[in-house]
Amino acid sequence: MEIHRIMQQAPHIRKSLLQWFQEEARDLPWRKSQDPYHIWLSEILLQQTRVDQGLPYYERFLVALPTLPALAAASEDEVLKLWEGLGYYTRARNLHKAARQVMEQHHGSLPESAEILQLLPGVGRYTAGAIASIAFNERVPVVDGNVKRVLTRLFNIAMPIGESATEKKLWAIADALVPESAPGDFNQSMMELGARICTPRKPDCDSCPVFSECAARKKGLQEQRPVKKPRKAVPHKEIVVAVIERDRQYLIGRRGPDGMLAGLWEFPGGKLEAGETHQAALARECAEELGVEVKVGGMIASVKHVYTHLKVTLNVYRCTIVSGEARSNVHTELKWVHPEEFDAYAFPKANHKFLDLLRPE
DNA sequence: AAGCCGGGGGG
DNA sequence: CCCCCAGGCTT
């Protein structure tokens, strides 16, 4: 499939998609706005996240932090609390960092070109293209999961997605298609098509505005596109969690600035080693992490949780400190908090699965 | 190129 | 259960 052949189809594809988008576009809050800050926030929120899942977060976030300067002035804890439960928390930390960068380097206004936008933390080629085309009308393409599916079907591309040659080709095609006028609407129309019509399974080809252009459908291969590489199995780990109580307060720690769930608060604990009992693991982890000797009480809960590349079972036990004063080697901060204060801290979802059990009545 | 990074909804 | 979502960053 050569680019110049695509260019011949381009006018029809543009016209059909733009007209369909004009008539059928969902009424999403960030589409009512021209504010680049709103567009930026929506794009970060929606990374690897369905629109329906991100929507309530968008509304709440803008009530709390209505402007870019307000975001820059907020604490990271406040931003993480607003992000709590959504996952991929690095997005929130980068958003916050980027806001401060924009205040310092761009006088508080987002840069208008995709090239410069991409210098902000958390803004890659996709997000830069989305902001630049939607908020600033720059003729740049976007390629997200939806667009990959639409393009591999429309042009019957059998190259496996994820490989650099394939990605390069998809970006080149997307670039060839995006028009000089209304680039943002066109980019959104491709994504909207992928989200609502050209779905991963059982695409609704009968309703598709580019039905007649679709090379994969002509061969009945639409559900075989895109071609993906096989996934790897996810390992499972047993975790022990110590709910340490003292004077009706519980010990929580803030996770370090790197890696999984960075910056979030949690109950201390760690991985069960081979052949180890829960009790032995709790004693060892509390000694290693907190420098305290604990007595292990009853089990509070055993909760399962699935991450992208990891499955865990949290075995949660009541513990009391027998000797020593807790000082964490792995957390940036420790606090003793009453259950009524839990809401002030951002906890990972896995912790929320047992948190309510600690609240009085 | 491959791994890491959350959580949820749909089939 | 498996899939994948308006991806980015690190190694």
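Note on naming: letters A, B, ... go to the chains in the order of the sequence lines (proteins, then strands), and numbering restarts at 1 for each one.
Judged by distance alone, the side chains of A/Gln101 and A/His106 never bring a donor and an acceptor atom under 3.5 Å apart. In summary, the side chains of A/Glu78 and A/His96 do not present any donor paired with an acceptor at a separation below 3.5 Å, with no hydrogens or angles considered. A side-chain donor from one of A/Glu238 and A/Asn315 sits under 3.5 Å from a side-chain acceptor of the other.
Ring orientation note: the planes of A/Phe342 and A/Tyr250 are tilted relative to one another, at an angle of 30° to 60°.
In this view, A/Gln47 and A/Ile44, A/Arg91, A/Thr127 satisfy the side chain to side chain contact (heavy atoms under 4.5 Å, CB included) rule, not counting sequence neighbours. For A/Ala92, the side chain to side chain contact (heavy atoms under 4.5 Å, CB included) criterion is met by A/Val79, A/Leu80, A/Trp83, not counting sequence neighbours. Listed by chain and residue number, nothing satisfies the salt bridge (charged side-chain N to carboxylate O under 4.0 Å, His left out) test with A/Lys228 (two or more places apart in sequence, or in another chain).
A cation-pi arrangement is found for A/Arg246 relative to A/Trp336, the charged atom lying closer than 6.0 Å to the ring centre and inside a 45° cone about the ring normal. Judged by the 6.0 Å distance and 45° axis criteria, A/Arg217 is positioned over the aromatic ring of A/Phe211.
Taking atom C1' on both nucleotides, B/dG11 is separated from C/dA6 by 22 Å, rounded to a whole Å. For the P atoms, the distance from C/dG8 to B/dG8 is 22 Å, rounded to whole Å. Separation of the P atoms belonging to C/dT11 and B/dG6 is 16 Å when rounded to the nearest angstrom.
Heavy atoms of A/Trp40 sit nowhere under 4.0 angstrom from any nucleic acid atom. Residue contacts for A/Leu41: at a heavy-atom cut-off of 4.0 Å it reaches no nucleic acid atom on any strand shown. When heavy atoms are screened at a 4.0 angstrom cut-off, A/Arg149 is found touching the sugar-phosphate backbone but no base atom. Contacts of A/Val142 with the nucleic acid, taken as non-hydrogen atoms under 4.0 Å apart, are absent. Nucleic acid contact for A/Arg231: base, since at least one base atom lies under 4.0 Å from a heavy atom of the residue.
Here chain A contacts DNA chain C (any atom closer than 4.0 Å to a heavy atom, that is under 4.0 Å), and the contacts span C/dC3 to C/dC9 from 5' to 3'.
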query = How is the base pairing of DNA chain B summarised as a dot-bracket string, given the Watson-Crick and G-U wobble criteria with both distances under 3.5 Å, [ ] for crossing and | for another strand?
reply = |||||.|||||
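If you find the closest nucleotide of DNA chain C to A/Gln118 and to A/Arg31, the one lying nearer the 5' end belongs to A/Arg31.
A salt bridge does not link A/Arg93 to A/Asp258: none of the charged side-chain nitrogens sits closer than 4.0 Å to a carboxylate oxygen.
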Contact letters for nucleotides 1-8 of chain B, in which S counts primed atoms plus P, OP1 and OP2 and B counts the base, heavy atoms under 4.0 Å = SSSSBBBB
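Interatomic distance, CD of A/Glu138 versus CD of A/Glu180, reported as 10.0 Å (0.5 Å rounding).
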